[in-house]
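See below for the structure under consideration.
Quick note: numbers below take in every heavy atom, side chains included, and nothing from hydrogens, waters or symmetry partners.
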Amino acid sequence: MQSVSTHIEGDVLVVLVNNPPVNALSWHVRQGLKDGFEQGLADPAIKAIVLRCEGQTFIAGADITEFGKPPQGPDFASVLNQMETASKPIIAAIHGTALGGGLETALCCHYRIAVPSAKLGVPEVKLGLLPGGGGTQRLPRVVGIEQAAVMCSLGEPISAKKALETGLVDALAQENDLAGDALRFARDMIAKGPRPTRDRPVTGDIGIVEKLKAENGRKWKGFDAPYANLRCVEAAAAHANIDDGLKVEREEFLKLMAGSQSAAQRHMFFAERQAAKIDGLPKDTSLREIRKVGVIGAGTMGGGITMNFLATGIPVTIVEMQQDALDRGVGIIRKNYEASAAKGRFTQEKVEQMMGLLTPSLSLDDLAECDLIIEAIYENMDVKKEVFGKLDRIVKQGAILASNTSYLDVNEIASATARPQDVLGMHFFSPANVMKLLEVVRGDKTAPDALATAMAIGKKIGKIAVVAGVCHGFIGNRMLSKRQAPANALLMEGALPEQVDKVFTDFGMPMGPFQMSDLAGLDIGWHRDPSKVETLRDALCAAGRFGQKNGKGFYDYDEKRNRTPSAEANAIIEDFRARSNMPKRDISDQEIIERCIYPMVNEGYLILEEGKAQRASDIDVVWVYGYGWPVYRGGPMFWGDLEGAGKIVSALEKQGIKVADSLKAKA
Ligand code: T1G
């Protein structure tokens, strides 16, 4: 496989990488680089070498698909060492993204030139890793400790402009003539000769490490990689001799590579990209054009959904029944944008530009020319069918009619129209302008191009779209519903809300079932008769405990909504248990996981068996991006494999739960 070629431009050798789609450092690329540099260094006529890439980007890192496989070709460190210690100047010519091993390769070049649109970074921490090709030792020698610590521990790329300011690149090329400018720049460097990064001193103040830990403590809870990255940067400051620092980096890297967290985060890297693919989609499926969007309902969900499209430059007509509700909804959209502008996320001018794309309306007729309509009204089947019936008579043919329902039957909604092929679900998660997940619900009659268009527009507005089939609660809510009943039962058997919730937060979830119930409101769906106490929730509501909204539920809340265990709530739970003659017993944290999380994994297998999800990794994407499942546990299905199917099956059978055949088959 010829993924690296060379050509001579006078006294400069150009080493060209061409390994689509992202020029990853696959073994044959490493081999090609080694051979290319050998050629340039051995040829007396060559005075300098330029490393450049074809395609959309510079090298975007090591080839992640090679991780865990038997090594092939030259190892990365030897190629880097060959470059860094070369007797002729090597120049990296950067466009697109120089990421991870790609930036480490550029750091072993003696000079770097980049186009203004380029991005440079070490995102390994997002894969549960660290820059294991010397990045944690060479970055501090080029950009200083502070910048290096930020880049390694947060993993965010920097712009070419910032890279120039920090010395990461030495010059900017013209956007449309990187090849030419790199050659000219290389010739200018011949006189200067090589500049090995390893010989440059580490500069800057190591105090940044504690600052980063303090600022990111909550975000980094449960993660190993950010701290390992910072230990390596500390080693760079501690060891003047780079080889001592490289030893520390190697040890830390191998530890992370062998750990379950990186395996989980690498799984999620590919799962996220896989989710965008629709199995069996006819190759010639073309997408419908979405130039104008309609949103029905200007409440919390309708407003959030609208913000996604306006922020992407797509005009939206938002429809409400009453003027005050419409004004309130539009007002909240502006307020949210202005709040983000105040945080510097965008300019006031951008706010005006986005608000300029919004057309408030009190009539469904104004949606006639829309290409996509998303209904986001309250969950009532008859009302939704009435609305879709009206849309069917009003809206132009070829438009996609979507419902934001979070559990209702999309097929039944579609049956209210004469065009079920154009109907599907687009289930956003609250707050819809923030949460990344979008469940695109495929109805029995949904046309492939309508589905593909909804998936594509989801990606365009910055969502991670996943295909779900029609069933109660689709993928996410269906699995979530398997957790609440056992959690309630555990309270009846002796556990307390804070014990159960702590198991979930220790597990890495943002909150447990009882915190979530308090957030949603205990009185949602309550019969409002305090004398009728049949469930624990009835007992709490009868005592006027409705959750965060009135400062008391399973927990007590202060005015800042900080929660504390509640003696009164626990007394109500104790009393209700006693009057239900339920014996009290000690409950272990492991039992809470087995009773609450194992059934969710089982439900995931049932969802797959019924074809309501395309692949197990899609279920993982739903939970990581929609429900705060810790990415370092890779999602319920990935975690289930780590936990062991046998262990899960025997625990579920002990609980008398019907186990999915496909899960049993794995045991
Ligand atoms: N290895 C293998 N495949 C990769 C890859 C990689 N590094 N990066 C992307 N792909 C595949 C991806 O799966 C998809 O495949 C296709 O390329 C297009 O990707 C020693 C240890 C570069 C910003 O973490 O962030 O270096 O789905 O859809 O939106 O220190 O890809 O088409 O079959 O994402 O244009 C560090 C990872 C590696 C960067 C382009 N590098 N990549 O985004 O395309 S670890 C990274 C990205 C490392 C060293 C260490 C993005 C991108 P398919 P895409 P995109």
Checklist entry - Going by the angle between their ring planes, with limits at 30° and 60°, are Tyr598 and Trp639 parallel, tilted or perpendicular? => result tilted
Checklist entry - Between the side chain of Tyr627 and the main-chain N/O of Asn477, is any donor-acceptor distance below 3.5 Å? => result yes
Checklist outcome for this item: When rounded to the nearest 0.5 Å, the distance separating CD of Gln484 from OG of Ser517 is 4.0 Å
Checklist entry - Checking Gln261 side chain against Gly222 main chain: does a donor-acceptor pair fall under 3.5 Å? => result yes
Checklist outcome for this item: Hits for side-chain contact (heavy atoms from CB on, under 4.5 Å) against Pro420, two or more places apart or cross-chain, chain-then-number order -> Ala414, Thr417, Lys445
Next on the checklist: With rounding to the nearest 0.5 angstrom, report the CD to CG distance, Glu375 to Asn404.
Outcome noted: 7.0 Å
Checklist entry - Are any side-chain N or O atoms of Ser566 and backbone N or O atoms of Glu568, one a donor and one an acceptor, separated by less than 3.5 Å? => result yes
Item to check | Residue pair Gln274 / Gln614, side-chain heavy-atom distance below 4.5 Å | outcome: no
Next on the checklist: Would you compute the distance between atom CD of Glu609 and atom CD1 of Ile607 and round it to the nearest 0.5 angstrom?
Outcome noted: 10.5 Å
Checklist entry - For the atom pair NZ (Lys292) and SG (Cys370), what is the distance rounded to the nearest 0.5 Å? => result 4.0 Å
Next on the checklist: If I compare all heavy atoms of Ala311 with all of Lys350, which pair ends up nearest, and what's the gap?
Outcome noted: O-NZ, 3.5 Å
Checklist entry - So, does Glu439 use its side chain to make a donor-acceptor pair with the main chain of Val622 at under 3.5 Å? => result no
Next on the checklist: Could you tell me if the side chain of Asn602 sits less than 4.5 Å from the side chain of Ile648, heavy atoms only?
Outcome noted: no
Item to check | Flag, side chain of Gln499 to backbone of Ile587, donor-acceptor distance under 3.5 Å | outcome: yes
Checklist outcome for this item: Between the CG atom in Asp409 and the NZ atom in Lys384, the distance rounded to the nearest 0.5 Å is 12.5 Å
Next on the checklist: I'd like to check Arg577 versus Leu491 (side-chain heavy atoms, cut-off strictly below 4.5 Å). Are they in contact?
Outcome noted: no
Checklist entry - Would you say Met321 has more than 12 foreign heavy atoms packed within less than 6.0 Å of its CE? => result no
Checklist outcome for this item: One should read off an interatomic distance between Asp366 CG and Thr317 OG1, to the nearest 0.5 angstrom, of 6.5 Å
Checklist entry - What pairs meet the ring pair (Phe, Tyr, Trp, His ring centres under 6.0 Å) rule with one or both residues in residues 552-586, with sequence neighbours excluded? => result Phe514-Phe554
Next on the checklist: For Phe546 and Trp526, take the angle between the two ring planes, folded into 0 to 90°, and tell me which bin it lands in: parallel under 30, tilted 30 to 60, perpendicular over 60.
Outcome noted: tilted
Item to check | Enclosure of Asn562 CG (heavy-atom neighbours >12, cutoff 6.0 Å) | outcome: yes
Checklist entry - Do Met516 and Arg483 come within less than 4.5 Å of each other through their side chains, counting heavy atoms only? => result yes
Checklist entry - Charged N to carboxylate O under 4.0 angstrom, Glu272 versus Lys436? => result no
Checklist entry - Do you know the tightest heavy-atom contact between Gly634 and Val624? => result C-CG2, 4.5 Å
Checklist outcome for this item: So the salt bridge (Lys or Arg N to Asp or Glu O under 4.0 Å) pairs with at least one residue in residues 494-510 (sequence neighbours excluded) are Lys502-Asp506
Next on the checklist: Are there over 12 heavy-atom neighbours, none belonging to Lys482, within less than 6.0 Å of that residue's NZ?
Outcome noted: no
Checklist outcome for this item: Here the pair of heavy atoms bringing Phe638 nearest to Asp620 is N-OD2, 3.3 Å
Checklist outcome for this item: Result for side chain to side chain donor-acceptor pair (under 3.5 Å) between Arg595 and one of Gln590, Gln655, Glu493 points to Glu493
Checklist entry - Are the side chains of Tyr605 and Met637 in touch, meaning some heavy atoms are under 4.5 Å apart? => result yes
Checklist outcome for this item: Residue pairs passing the side chain to side chain donor-acceptor pair (under 3.5 Å) test with at least one member in residues 452-465, sequence neighbours excluded, are Asn308-Lys463
Checklist entry - Looking at Tyr407 and Glu379, what are the two nearest heavy atoms and their distance? => result OH-CB, 3.7 Å
Item to check | Minimum heavy-atom distance between Asp618 and Ala275, given as atom pair plus value | outcome: OD1-CA, 3.4 Å
Next on the checklist: If the test is side chain to side chain contact (heavy atoms under 4.5 Å, CB included), which one of Asn550, Asp556, Asp518 qualifies with Arg545?
Outcome noted: Asp556
Checklist entry - So which pairs with a foot in residues 466-481 pass salt bridge (Lys or Arg N to Asp or Glu O under 4.0 Å), sequence neighbours left out? => result Arg478-Glu603, Arg478-Glu610
Next on the checklist: Pair Asp538, Lys532 - check salt bridge (charged side-chain N to carboxylate O under 4.0 Å, His left out), show working.
Outcome noted: CA-CA 7 Å; Asp538 288 347; Lys532 201 168 123 206; over 6 Å; no
Next on the checklist: If you compare all heavy atoms of Leu372 against all heavy atoms of Ile457, which two are closest, and at what distance to 0.1 Å?
Outcome noted: CD2-CG2, 4.2 Å
Checklist outcome for this item: Val503 meets the side-chain contact (heavy atoms from CB on, under 4.5 Å) criterion, sequence neighbours left out, with Asp589, Ile592, Ile593
